[in-house]
Amino acid sequence: MSEVLIAPVVRRVVVGLGVVSFIATIALLLYGSTLADPRGQGRDSYARGVLGHRALFETLEAIGYDVRRARAGHFTIIREPLLLIDPEAPDARVGDTRHQLADVVADRAEAGLTTIVVLPKWVQSVMSGHGELVVSPGPRDWAQAVLDHALGERSATVRRGGSARPNAGERMHDGALGRFAIDLPRPQSIAVEGGGVEVLLGPRDSAAIVRGRDGRVIVVADPGLAHNATVHLSDHARIWHSLLGELLGVDAVAIDEVFHGHGRRPSLRAAMGRFPAVLLAIHGLTLGLLVALAGSRRFGPPLSAERPYGRGPREAVRVAAALLVAGCSPRTLARRYVEQVIVDLTNRLGTADADEVDERAQALDELAERRGDAIRASRCLAAARAAGSGAAALDIARDAQALYRLEHMPRESPHGSP
């Protein structure tokens, strides 16, 4: 009899898959981040770079500012000035929550928090498939909409720069921040039309930076002042230092990435669905499927049909005997047992076709006499019917059990009588 449930070949396969899965899990935990290199997308910046404000982030850190990346969508909790750089849509989703740009700016202004909004570019410069620099129409209406969301009223207008050359060269701007040189291709500006808007840098009809909503919202006209490719030109970085350190007097700032297309909320489900963590999920599903198959199908040779009686059958016999004893008296139990032995033995030997137990017992007596045995079935039956105590009933049962020796005796007696 074989007790093998899983064949040796299958066992080696299971162990091999387990080892590979364990090694892959450790490798993913230690080196998984290096396998998933970030890829630049069109939403990352107006010039199609990877997170177009990264240079501004590192520049502010280098000169001593505490710069934080805001991706959780908790806008009113951030007490530092919040930079909304080049928002790509009027709303953004973080997990199951959708945020409106206008509501974010208004809520922060109402809470007395400063928000700096950098408008999206009106005209985008992109590379064609042949490597040529071409100019494609940009979202002018969206740039104006962002300006309206920021200031809360139609008191300013986005204006495109007049120069059509790739590089317009340096232009000097004066204002509350000071005197600075700005070097941008086709610089975008803001024309102030009504009251309630303060020009911080540049003339009123072509301002580079304005402030509104009781001084709680600052709008930067051109995203090139914060972009990786141009933040180092002329006085662009110094403008940010003067704006944050001198005008606002802060040493910390948060850069929003929710409206820049990178809002997120920590989620195990989302993390396990991205490469390379998805490999870990595949390993887990594969092993789970293997375990399910191992439990539903036989992998080894079939077990022998003959199994030794164990505790189960013995326990069943003991319980059945206890129920019989509890359900009837020893006298009745002994009588029934003797009758059952007589019926069973006559059926085995084929000595009588009668239905009555007495006639079967008489047939067994005749057989015992022919085979020279002194045991008599009629005597056991009469004793069982007359038994009155448990001890006598047990002796009668033992005598009845001895009747089975007739089955193994020779058909003729030792003396040769028929």
Side-chain angles (χ1 to χ4, degrees), residues 38 40 43-88 92 101 104-105 108-109 111-121 146 150 170 173 175-184 187-188 190 200-202 207-211 215-264:
R43 68 183 185 182
D44 289 336
S45 72
Y46 73 92
R48 300 183 183 276
V50 179
L51 286 180
H53 56 261
R54 184 66 188 180
L56 175 64
F57 186 101
E58 296 178 352
T59 299
L60 294 178
E61 277 190 331
I63 60 180
Y65 288 91
D66 181 13
V67 189
R68 304 173 186 175
R69 302 167 66 180
R71 288 189 170 186
H74 306 301
F75 298 100
T76 56
I77 296 179
I78 302 173
R79 313 307 296 180
E80 301 85 2
L82 177 65
L83 270 70
L84 292 168
I85 302 177
D86 189 11
E88 64 174 20
L101 177 63
V104 170
V105 175
R108 285 185 57 83
L113 304 174
T114 301
T115 306
I116 302 175
V117 181
V118 181
L119 298 182
K121 193 70 172 181
V146 173
E170 288 189 350
H173 286 70
L177 288 179
R179 182 176 176 83
F180 301 95
I182 296 179
D183 185 0
L184 293 173
Q188 187 169 272
I190 299 173
L200 297 181
L201 185 61
I209 302 177
V210 299
R211 178 165 61 178
R216 295 302 181 183
V217 179
I218 298 174
V219 180
V220 178
D222 199 304
L225 293 177
H227 189 260
N228 293 342
T230 51
V231 70
H232 65 286
L233 299 178
S234 298
D235 295 330
H236 300 175
R238 192 164 67 89
I239 290 175
W240 287 105
H241 176 60
S242 299
L243 179 62
L244 297 173
E246 298 176 8
L247 180 66
L248 300 180
V250 297
D251 58 1
V253 65
I255 297 180
D256 171 72
E257 294 182 354
V258 173
F259 286 94
H260 205 52
H262 297 278
R264 69 179 183 183

Side-chain heavy atoms of [X] within contact of [Y], under 4.5 Å:
X	Y	result
Val220	Ile209	yes
Leu243	Ile116	yes
Val146	Pro120	yes

Rounded distance [0.5 Å steps], [atom1] in [X] versus [atom2] in [Y]:
X	Y	atom1	atom2	result
Leu233	His227	CG	NE2	11.5 Å
Thr230	Leu56	OG1	CG	10.0 Å
Ile218	Leu201	CD1	CG	11.5 Å
Ile255	Leu83	CD1	CG	5.5 Å
Arg211	Leu248	CZ	CG	7.0 Å
Ile239	Glu246	CD1	CD	12.0 Å

Could you work out, with side-chain contact (heavy atoms from CB on, under 4.5 Å) as the rule, every residue matching Ser234, not counting sequence neighbours? Glu170, Ala181, Asp183, His236

Taken in chain and number order and not counting sequence neighbours, the residues that satisfy side-chain contact (heavy atoms from CB on, under 4.5 Å) with Ala92 are Val258, Phe259

For [X] and [Y], which heavy atoms make the closest approach, and how far apart are they?
X	Y	answer
Trp240	Leu225	NE1-O, 2.8 Å
Val253	Pro81	CG2-O, 3.3 Å
Leu119	Ala221	CB-O, 3.5 Å
Val117	Ala150	CG2-CB, 4.1 Å
Ala111	Arg79	O-NH2, 4.4 Å
Arg216	Gly112	NH1-O, 3.2 Å

Pro223 backbone acceptor or donor facing Gln188 side chain under 3.5 Å: no

What's the verdict on side-chain contact (heavy atoms from CB on, under 4.5 Å) for Leu84 and Val105, showing C-alpha distance, side-chain angles and the deciding distance? CA-CA 9 Å; Leu84 292 168; Val105 175; 4.0 Å; yes

Passes side-chain contact (heavy atoms from CB on, under 4.5 Å), Ile78 versus Leu113? Steps please. CA-CA 8 Å; Ile78 302 173; Leu113 304 174; over 6 Å; no

Enumerate the residue pairs fulfilling salt bridge (charged side-chain N to carboxylate O under 4.0 Å, His left out) with a member in residues 232-244, sequence neighbours excluded, ordered by first and then second residue. Asp235-Arg238

Contacts of type side chain to side chain donor-acceptor pair (under 3.5 Å), residue Glu61, not counting sequence neighbours: none

Applying salt bridge (Lys or Arg N to Asp or Glu O under 4.0 Å) to Arg108 and not counting sequence neighbours gives none

Who are the ring-ring contact (aromatic ring centres under 6.0 Å, His included) partners of His241, not counting sequence neighbours? Tyr65

